[in-house]
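Whatever order the structure lists ligands and atoms in, that order sets their numbers, starting from 1. Note that the coordinates shown come from a computational prediction; the quantities given were computed from them, not determined experimentally.
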Amino acid sequence: MPADPSALAAVAAALRAGQLVAFPTETVYGLGARASDPLAVRQIFAAKGRPVDHPLIVHLADAAEVEAWVDRGRLPDGGATLDALAATFWPGPLTLVVPRAPGVPDEVTGGMDTVGLRVPAHPLARALIAAAGGGLAAPSANRFGRVSPTTAAHVRAELGPDLLILDGGPCAVGVESTILDLCDPEGPALLRPGGLPAEALVAALVARGRPPLPLPVGRRRASGTLAAHYAPRTALRLAADPEAEAAPLRAAGHRVATLRSGGDLAAYAQRLYAELRALDLAGVDLLIAELAPELGLGAAINDRLRRAVVGSGGAPEPAA
Ligand code: TXA
Ligand code: MG
């Protein structure tokens, strides 16, 4: 995506002046403020309607910038795993939760003693972080509990016309980053499946001598792990074969829309939220979305679909 230098400069200037802006990443659009500016960060929670004890991810332009944010001495291995995973997967859709450095504001961490860090792969995101002078605290740029935005138009629909948005086109990955907790003395734990498949993380950890087991699911709370999240307003049901489920309901007079994988998980993840949004506006009684195989990106797709069901507008009838 070619950056319009004047747009980038204007958005960076707004950040330096303590304002909120929306910016593209490869996963979803973020609603950012300078992470070192507690007053600016507080506005994020007001704009999203998000509880203030939910921590934010700090987005960095380069892995070398982690030193300002992490307290390495409190990592179980002094940061060796952090460095190895950062070298392998950054820039990319991986957030690493580490002990926070002393100066990291409580507003960013929700008062916790840890901080989530990631270097996004979108070139405009990294250019903006650099131009703004350092780490940007940013959640997804949607109202709390709703579907994350993957285009600038979605951000505008969620947060209104006054917000400054850096338009980087549609997000390439389409689901949020994978979150890995590196603070547990028993080893890395998965807090949220996401755009980086867990299998890739396991392979990297095995290369460092860990047994080839699935990642344990972490105990630390992450707001994206609330049961109800990513929710459309229309009732949503999941099925292995959405058309087969839809046929008898349509025959009985119900208006039913289906969302299908097309057999390509990367493409399904990329368009998942845009399609949920579009179908949510289609005025149907029920959406039926296809469950993916529980492999690779399928784990993140299914995670988001299951949470979307819990928060969707009206309990779907149990599948027959
Ligand atoms: O792909 C992404 O991760 C996107 C883009 C914008 O980078 N961001 C995103 O942010 O999804 P958000 O705030 O919607 O979700 C971040 C998740 C939340 O569930 C939050 O609880 C968790 O990260 N998180 C952040 N810092 C944490 C920490 N110190 N410990 C545990 N969880 C943390
Ligand atoms: Mg979010």
Asker: Looking only at non-hydrogen atoms, which of Gly218, Gly30, Pro55, Pro120 approaches atom 24 (N) of ligand 1 most closely?
Answerer: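 The residue whose heavy atom sits nearest atom 24 (N) of ligand 1 is Pro55.
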Asker: Please tell me if the side chains of Leu75 and Pro99 come closer than 4.5 Å, counting only heavy atoms from C-beta onward.
Answerer: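 Yes, their side chains come closer than 4.5 Å.
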Asker: Number the atoms of ligand 1 from 1 as they appear, then name those within less than 4.0 Å of a heavy atom of His59, with their elements.
Answerer: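 Near His59, the atoms of ligand 1 are 5 (C), 6 (C), 7 (O).
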Asker: If the cut-off is 4.0 Å to any non-hydrogen atom of Met112, which atoms of ligand 1 fall inside it?
Answerer: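 Answer for ligand 1: 28 (C), 29 (N), 30 (N), 31 (C).
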Asker: I'd like the name of whichever of Thr178, Ile57, Ile44 reaches closest to atom 16 (C) of ligand 1 through any heavy atom.
Answerer: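 Looking at heavy atoms only, Ile57 sits closest to atom 16 (C) of ligand 1.
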Asker: Using a strict cut-off of 4.0 Å, indicate which atoms of ligand 1 neighbour a heavy atom of Gly116.
Answerer: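 Here the atoms of ligand 1 in question are 26 (N), 29 (N).
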Asker: Please examine the side chains of Leu136 and Phe23, heavy atoms only from C-beta on, and report whether any two atoms are closer than 4.5 Å.
Answerer: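 In short, these two side chains touch, coming nearer than 4.5 Å.
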Asker: Mind checking whether His54 contacts ligand 1 via backbone (N, CA, C, O), side chain (CB onward), both or neither, at a 4.0 Å heavy-atom cut-off?
Answerer: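 No part of His54 comes within reach of ligand 1.
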Asker: Give the numbers and elements of all ligand 1 atoms closer than 4.0 Å to a heavy atom of Val115.
Answerer: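 Numbered from 1, ligand 1 contributes 29 (N).
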Asker: Give the atom numbers and elements of ligand 1 that come within less than 4.0 Å of a heavy atom of Val97.
Answerer: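 This gives 28 (C), 29 (N), 30 (N) as the contact atoms.
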Asker: Considering only heavy atoms from C-beta outward, does the side chain of Leu128 approach that of Leu166 to under 4.5 Å?
Answerer: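 Sidechains of Leu166 and Leu128: in contact.
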Asker: Any N or O of Tyr29 that comes nearer than 3.5 Å to an N or O of ligand 1?
Answerer: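 It does not: no N or O of Tyr29 is found under 3.5 Å from an N or O of ligand 1.
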Asker: With a 4.5 Å heavy-atom cut-off, do Val284 and Leu279 have their side chains touching?
Answerer: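 Sidechains of Leu279 and Val284: no contact.
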Asker: Taking atom CD as the centre, does Glu186 end up with more than 12 heavy-atom neighbours from other residues, nucleotides or ligands that are less than 6.0 angstrom away?
Answerer: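 Counting other residues, nucleotides and ligands, CD of Glu186 stays at 12 neighbours or fewer.
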Asker: The Mg ion (ligand 2) and Ser148: any N/O/S contact shorter than 2.8 Å?
Answerer: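 Checking the Mg ion (ligand 2) against Ser148, no N, O or S atom falls under 2.8 Å.
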Asker: Classify the side-chain pair Thr25/Arg118 by whether it contains a donor and acceptor separated by less than 3.5 Å.
Answerer: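 Indeed, the side chains of Thr25 and Arg118 share at least one donor-acceptor pair under 3.5 Å.
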Asker: So, Thr27 and Glu176: side-chain donor and acceptor under 3.5 Å apart, yes or no?
Answerer: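 Per modelled atom types, Thr27 and Glu176 side chains form no pair under 3.5 Å.
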Asker: Give the contacting part of Leu191 toward ligand 1: side chain, backbone, both or neither, where contact means a heavy-atom distance below 4.0 Å.
Answerer: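 For Leu191, the contact with ligand 1 is made by the side chain alone.
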Asker: Between Ile179 and ligand 1, which part of the residue brings a heavy atom under 4.0 Å of the ligand: side chain, backbone, both or neither?
Answerer: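 Within the 4.0 Å criterion, Ile179 contacts ligand 1 through side-chain atoms alone.
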Asker: In terms of side-chain heavy atoms, does Thr114 have a donor or acceptor partner in Arg100 at a distance below 3.5 Å?
Answerer: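 No donor-acceptor contact under 3.5 Å links the two side chains.
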Asker: Any heavy atom of Leu56 sitting closer than 4.0 Å to ligand 1?
Answerer: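 The answer is yes: ligand 1 sits under 4.0 Å from a heavy atom of Leu56.
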Asker: If you measure every N/O of Lys48 against every N/O of ligand 1, is any gap under 3.5 Å?
Answerer: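 Not met; the criterion fails.
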Asker: Taking atom types as modelled and ignoring hydrogens, do the side chains of Ser148 and Arg304 form a donor-acceptor contact shorter than 3.5 angstrom?
Answerer: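 No, because no side-chain N or O of Ser148 sits under 3.5 Å from a partner of the opposite role on Arg304.
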Asker: Could you tell me whether some N/O pair between Arg118 and ligand 1 is separated by less than 3.5 angstrom?
Answerer: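 Such a contact does occur with ligand 1.
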Asker: Give the contacting part of Thr114 toward ligand 1: side chain, backbone, both or neither, where contact means a heavy-atom distance below 4.0 Å.
Answerer: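 Thr114 to ligand 1: contacts from backbone and side chain alike.
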Asker: Can you check whether Phe144 reaches Pro51 side chain to side chain, under 4.5 Å on heavy atoms?
Answerer: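 Yes. Closest side-chain heavy atoms under 4.5 Å.
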Asker: Counting both backbone and side chain atoms, is some N or O of Thr95 under 3.5 Å from an N or O of ligand 1?
Answerer: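 Not met; the criterion fails.
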Asker: I need the contact type for His122 against ligand 1. Using non-hydrogen atoms and a strict under-4.0 Å cut-off, is it side chain, backbone, both or neither?
Answerer: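 For His122, there is no contact with ligand 1 at all, from either part.
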Asker: Which of the numbered atoms in ligand 1 are under 4.0 angstrom from any heavy atom belonging to Arg50?
Answerer: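 Under 4.0 Å from Arg50, ligand 1 has these atoms: 12 (P), 13 (O), 14 (O).
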Asker: Show the atoms of ligand 1 that are less than 4.0 angstrom away from any heavy atom in Thr27.
Answerer: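 Atoms satisfying the 4.0 Å criterion: 1 (O), 2 (C), 4 (C), 5 (C).
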Asker: Within a strict 4.5 Å, meaning less than it, do heavy atoms of the Pro149 and Arg277 side chains meet?
Answerer: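 SC-SC contact between Pro149 and Arg277 confirmed.
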Asker: I would like to know whether Val98 and Leu117 meet side chain to side chain contact (heavy atoms under 4.5 Å, CB included); could you show each step before the answer?
Answerer: CA-CA 8 Å; Val98 297; Leu117 303 174; 3.8 Å; yes
